[in-house]
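To keep things clear, I will list the structure first and then write my remarks on it.
Per chain, numbering begins at 1; letters A, B, ... match sequence-line order. From a predicted model like this one, the values you see are computed outputs, not experimental measurements.
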Protein chains: 2
Amino acid sequence: MVYNRVETLDRTFAALADPTRRGLLARLADGPGTVSHLAAPLPISLVAVGKHLTVLERAGLVDRTRTGRTVVCTLHAQGLADAAGWLASYQRFWDDRIDSLHRYLIREHP
Amino acid sequence: MVYNRVETLDRTFAALADPTRRGLLARLADGPGTVSHLAAPLPISLVAVGKHLTVLERAGLVDRTRTGRTVVCTLHAQGLADAAGWLASYQRFWDDRIDSLHRYLIREHP
DNA sequence: TCGATTGTAAACCATATGGTTTAGTGTTGT
DNA sequence: ACAACACTAAACCATATGGTTTACAATCGA
């Protein structure tokens, strides 16, 4: 595992520890959205949502692309895959029915 | 999923966000250990390790059982399984890559 | 052009986190 | 009995986090 990956895992798990951010990811799983659109249903300010999106971006979980004056956010699953890959190394502790090929792919091609 | 699980997910992901705690889990994957034993190779105080273990216990990731004056810690994978379960709902966002890699391996290395 | 819209930056606040040192509570071995 | 051991609790400190309000920059539409 590349050393830099450790810091990324830190950021990824820390990003996932907040329910607002997990909610944003769940929303983005249905498709891209602008910052305003993502913030609209939430009970916090637009500024706070912007900060959450910055955290998610630094964790490698979302991409932000500015087009004009709006910023469209999309799910960037690499961070999620990294976190899942780390957890997969512990899968034997709770799941006997493991797909060995899947584990092999995670391990050999992270 | 039970509603209360959300707070547990918060604690679980937050616990996993610290490299010292991930190291403790990796160590515990090889078998149980006392607090002193777990702390010995680490460059921080025993007190700090004890706090980390409290965090891991509250996150449902380790069990602590006192026997005499020593406390033996064991991996409790339910929290890890919960986190992996949450991530699994996003697996379709990166599984395509795994599938194509699988097809590549089958095609190039039959 | 100019006001409205979209988003970020800055400053601020309360609380949480990760570490320390020092005390304290049991437990063990001699 | 009692000193050493294993761990936890308490107090403390520096920094991080999640939220606010206000200010700012950039873009769009009329």
Side-chain angles (χ1 to χ4, degrees), chain A residues 6-28 31-76 79, chain B residues 6-28 31-74 76 79 83:
Chain A
V6 172
E7 297 174 19
T8 302
L9 263 187
D10 285 4
R11 293 200 208 102
T12 302
F13 280 128
L16 295 176
D18 185 279
T20 299
R21 287 193 289 263
R22 289 199 304 276
L24 287 170
L25 292 176
R27 164 62 187 78
L28 289 175
T34 69
V35 178
S36 300
H37 195 186
L38 293 168
L42 300 180
I44 59 179
S45 69
L46 179 73
V47 177
V49 175
K51 286 189 180 183
H52 281 302
L53 290 168
T54 298
V55 172
L56 289 169
E57 187 181 41
R58 278 175 48 82
L61 293 171
V62 309
D63 289 326
R64 285 193 288 189
T65 56
R66 179 157 225 139
T67 63
R69 70 183 155 174
T70 69
V71 171
V72 174
C73 303
T74 58
L75 194 63
H76 183 75
Chain B
V6 172
E7 297 176 17
T8 302
L9 262 187
D10 286 3
R11 293 200 207 101
T12 302
F13 281 127
L16 294 176
D18 186 279
T20 299
R21 288 193 289 264
R22 288 199 305 276
L24 287 170
L25 293 176
R27 164 62 188 76
L28 289 175
T34 68
V35 177
S36 299
H37 194 185
L38 293 169
L42 299 180
I44 59 179
S45 70
L46 179 72
V47 177
V49 174
K51 286 189 182 183
H52 279 303
L53 290 168
T54 298
V55 172
L56 289 169
E57 186 180 41
R58 278 175 48 83
L61 294 171
V62 309
D63 289 326
R64 283 193 290 191
T65 55
R66 177 158 228 138
T67 63
R69 71 181 155 176
T70 68
V71 172
V72 174
C73 302
T74 58
H76 182 75

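Between C:dT21, D:dG19, C:dG19, one nucleotide has an atom nearer to the side chain of A:T20 than all others, and that is D:dG19. Counting only heavy atoms from C-beta on, A:V35 has its side chain closest to C:dT8 among C:dT8, D:dT20, D:dG18.
Neither OP1 nor OP2 of D:dG19 sits under 4.0 Å from any side-chain N or O of A:S45.
Going from atom CZ of A:R64 over to atom C1' of C:dT6 covers 13 Å, rounded to whole Å. The interatomic distance linking A:R21 (CZ) with D:dG18 (C1') rounds to 8 Å, in whole Å. What separates NE2 of B:H37 from P of D:dC5 is a distance of 17 Å, to the nearest Å. Between the CZ atom of A:R66 and the C1' atom of D:dC28 there is a distance of 12 Å, given to the nearest Å. The distance between atom CG of B:L38 and atom C1' of D:dT8, rounded to the nearest whole Å, is 16 Å. B:L46 has its CG atom 18 Å from the P atom of C:dG24, to the nearest Å. To the nearest angstrom, P of D:dC28 lies 7 Å from CZ of A:R69. In this structure, the CG atom of A:L56 is 14 Å from the C1' atom of D:dT17, given to the nearest Å.
Here B:L61 contributes atom CG and B:L24 contributes atom CG; the two are 11.0 Å apart, rounded to the nearest 0.5 Å. Separating the OG1 atom in A:T12 from the CG atom in B:L16 is a distance of 11.5 Å, to the nearest 0.5 Å.
Residues B:H52 and B:L38 have side chains not in contact (no heavy-atom distance under 4.5 Å, counting atoms from C-beta outward).
By the side chain to side chain contact (heavy atoms under 4.5 Å, CB included) test, A:A39 pairs with A:L46, A:V49, sequence neighbours left out.
Among the atoms of the strands shown, only primed sugar atoms or phosphate atoms (P, OP1, OP2) are found under 4.0 Å from some heavy atom of A:T34.
Nearest-nucleotide positions on DNA chain C place A:T70 closer to the 5' end than the other of A:T70 and A:K51. Positionally, the nearest nucleotide of DNA chain D for A:H52 lies more toward the 5' end than for the other of A:H52 and A:G68. Take the nearest nucleotide of DNA chain D for A:V55 and for A:T67: the residue whose nucleotide is more 5' is A:V55.
Of all heavy-atom pairs between B:A15 and B:A59, the closest is CB-CB, 3.7 Å.
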